[in-house]
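To start, the structure under review is shown below, and the notes come after it.
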2 protein chains.
Amino acid sequence: MAFHKKEAFSQREQDLAAFAKAMSHPARIAILKVLAQRNECICGEIVEVLPLAQSTVSQHLKELKTAGLVKGETDGPRSCYCINWKAFEKFNTELGFLFKNLKMANEKSCC
Amino acid sequence: MAFHKKEAFSQREQDLAAFAKAMSHPARIAILKVLAQRNECICGEIVEVLPLAQSTVSQHLKELKTAGLVKGETDGPRSCYCINWKAFEKFNTELGFLFKNLKMANEKSCC
DNA sequence: CTCTTCTATCGTATATTTGCGATATAAGAT
DNA sequence: ATCTTATATCGCAAATATACGATAGAAGAG
């Protein structure tokens with residue numbers, strides 16, 4: 001009766017799923033967009049833009065950081081977040097690879 | 001105290017998040033891979049390949065179907081699933097668009 | 001030191017997801 | 001009609017996610 005048997009799947013599948021999971025909430029996508037709009041580390045205007053409480057935004061940021069999509073350095077009272085572009089590109093290609101595989105397999109779409 | 005205030009975000013963000021959510025579980029990625037490996041509608045070998053109970057697999061398939069990533073016709077005792085390639089491509093480009101935006105914004109990576 | 005500001009974390013409530021067994025359903029076989 | 005087979009759905013239990021307010025902590029301003 002072990003719940004969440006993710007360990008039963010391949011590492012690659014787990015990684016891809018973890019990446020997708022990090023993007024599976026509109027708030028986190030919005031955060032990524034905000035981070036992208038600025039060309040420098042942003043310290044907290046995110047809270048003002050999003051319709052969420054500060055603690056909730058902080059939590060979402062933590063999840064993005066844990067997933068590796070975002071880098072952050074907390075320097076005392078203000079912290080500094082920006083997109084971890086390398087990880088992003090890695091997952092993008094990984095995703096593209098899956099898409100390509102799917103496409104090739106489904107060229108002769110059946111239904 | 002309204003939970004899950006997804007409606008507070010743009011439709012595009014919600015759509016992208018919903019797509020990511022559908023892919024946010026290794027089992028569902030594995031299912032997509034199985035569907036892709038066969039070049040025709042698959043009628044149920046998925047359960048044999050995955051380390052999950054039949055009812056659980058059926059549930060995952062339903063989620064993929066609801067998310068629009070998979071098309072399926074249940075013809076009595078056996079059903080027929082295959083990848084909804086159009087929806088997949090749409091979301092792929094959508095995702096690629098986000099990635100591109102992110103990349104352009106982060107050319108001069110700050111940290 | 002005290003106050004302010006910004007952010008992280010804790011505690012908590014609720015909602016959703018995940019998983020399974022049991023059961024229903026639907027069509028073909030006997 | 002009954003049995004078999006394949007799949008979907010129901011009902012439940014446990015885990016996770018989501019959200020917020022309250023609080024803690026860290027650094028600069030006064």
Side-chain angles (χ1 to χ4, degrees), chain A residues 1-9 13-14 17-31 34-35 41-67 69-82 111, chain B residues 1-9 13-14 17-31 34-35 38 41-67 70-82 111:
Chain A
M1 215 166 296
F3 286 74
H4 273 105
K5 32 167 65 180
K6 295 181 179 171
E7 64 287 342
F9 297 91
E13 287 164 347
Q14 288 184 53
F19 171 71
K21 191 174 192 172
M23 309 252 314
S24 73
H25 196 287
R28 289 195 284 273
I29 290 184
I31 288 175
V34 174
L35 285 177
C41 282
I42 194 179
C43 300
E45 303 112 69
I46 307 174
V47 178
E48 296 169 24
V49 181
L50 295 201
L52 295 171
Q54 178 267 324
S55 57
T56 308
V57 172
S58 188
Q59 228 172 330
H60 280 304
L61 276 167
K62 192 182 178 184
E63 281 174 71
L64 285 171
K65 200 174 169 183
T66 304
L69 297 190
V70 150
K71 289 186 290 183
E73 301 163 6
T74 91
D75 299 337
R78 54 192 66 199
S79 36
C80 165
Y81 284 105
C82 60
C111 52
Chain B
M1 211 167 293
F3 286 76
H4 272 106
K5 31 168 67 181
K6 294 181 178 171
E7 64 287 343
F9 297 92
E13 287 163 349
Q14 289 184 52
F19 171 70
K21 191 172 189 174
M23 309 250 316
S24 73
H25 196 288
R28 290 194 284 273
I29 291 185
I31 287 175
V34 174
L35 285 178
R38 319 282 197 274
C41 281
I42 195 177
C43 298
E45 304 110 71
I46 308 173
V47 179
E48 297 169 22
V49 181
L50 296 201
L52 295 171
Q54 178 266 326
S55 56
T56 309
V57 172
S58 187
Q59 228 173 329
H60 280 304
L61 276 166
K62 191 182 179 184
E63 281 174 71
L64 285 171
K65 200 174 169 183
T66 304
V70 149
K71 290 187 288 184
E73 301 163 6
T74 90
D75 298 336
R78 54 191 64 198
S79 36
C80 165
Y81 284 107
C82 61
C111 53

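Each chain gets a letter, A, B and so on, in the order the sequences are listed, and its residues count up from 1.
In this structure B:Ala18 satisfies the side-chain contact (heavy atoms from CB on, under 4.5 Å) test with no other residue, sequence neighbours excluded. Scanning for side-chain hydrogen bond (donor to acceptor under 3.5 Å, both in side chains) contacts around B:Glu48 gives an empty result, with sequence neighbours left out.
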Any N/O pairs under 3.5 Å between the protein and nucleotides 8-11 of chain D? List them or say none.
residue, atom, partner, partner atom, Å
D:dA8, OP1, B:Ser79, OG, 3.2
D:dA8, OP1, B:Tyr81, OH, 2.5
D:dA8, OP2, B:Ser58, OG, 3.0
D:dA8, N7, B:Gln54, NE2, 2.8
D:dA8, N6, B:Gln54, OE1, 3.1

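Look at A:His60 and you'll find a side-chain N or O under 4.0 angstrom from OP1 or OP2 of D:dA19.
Across B:Ala30 and B:Leu50, no two heavy atoms sit closer than the pair CB-CD2, 3.8 Å. The minimum heavy-atom distance linking A:Ala27 with A:Leu52 is given by the pair CB-CD1, 3.7 Å.
Contacts with DNA chain C (heavy atom under 4.0 Å) in residues 19-30 of chain A: none are found.
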Please evaluate residues B:Tyr81 and B:Val34 with respect to the criterion side chain to side chain contact (heavy atoms under 4.5 Å, CB included), reporting the C-alpha separation (whole Å), side-chain torsions for both, the decisive distance (0.1 Å), and the verdict.
CA-CA 11 Å; B:Tyr81 284 107; B:Val34 174; over 6 Å; no
Using atom types as modelled, flag every donor-acceptor pair under 3.5 Å from a side chain in residues 53-67 of chain A to any protein atom, sequence neighbours excluded.
residue, atom, partner, partner atom, Å
A:His60, ND1, A:Arg28, NH1, 2.9
A:Glu63, OE1, A:Arg28, NH1, 3.1
A:Lys65, NZ, A:Gly72, O, 3.4
A:Thr66, OG1, A:Lys62, O, 2.8

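Residues in residues 17-26 of chain B take part in no salt bridge (charged side-chain N to carboxylate O under 4.0 Å, His left out) pair, two or more places apart or across chains.
Going from atom CD of B:Glu13 over to atom NE2 of A:His25 covers 11.0 Å, rounded to the nearest 0.5 Å.
Atom pair A:Leu64:CG and D:dT18:C1' shows a separation of 14 Å (rounding to whole Å applied). With rounding to whole Å, B:Ile31 atom CD1 is found 11 Å from C:dT18 atom P.
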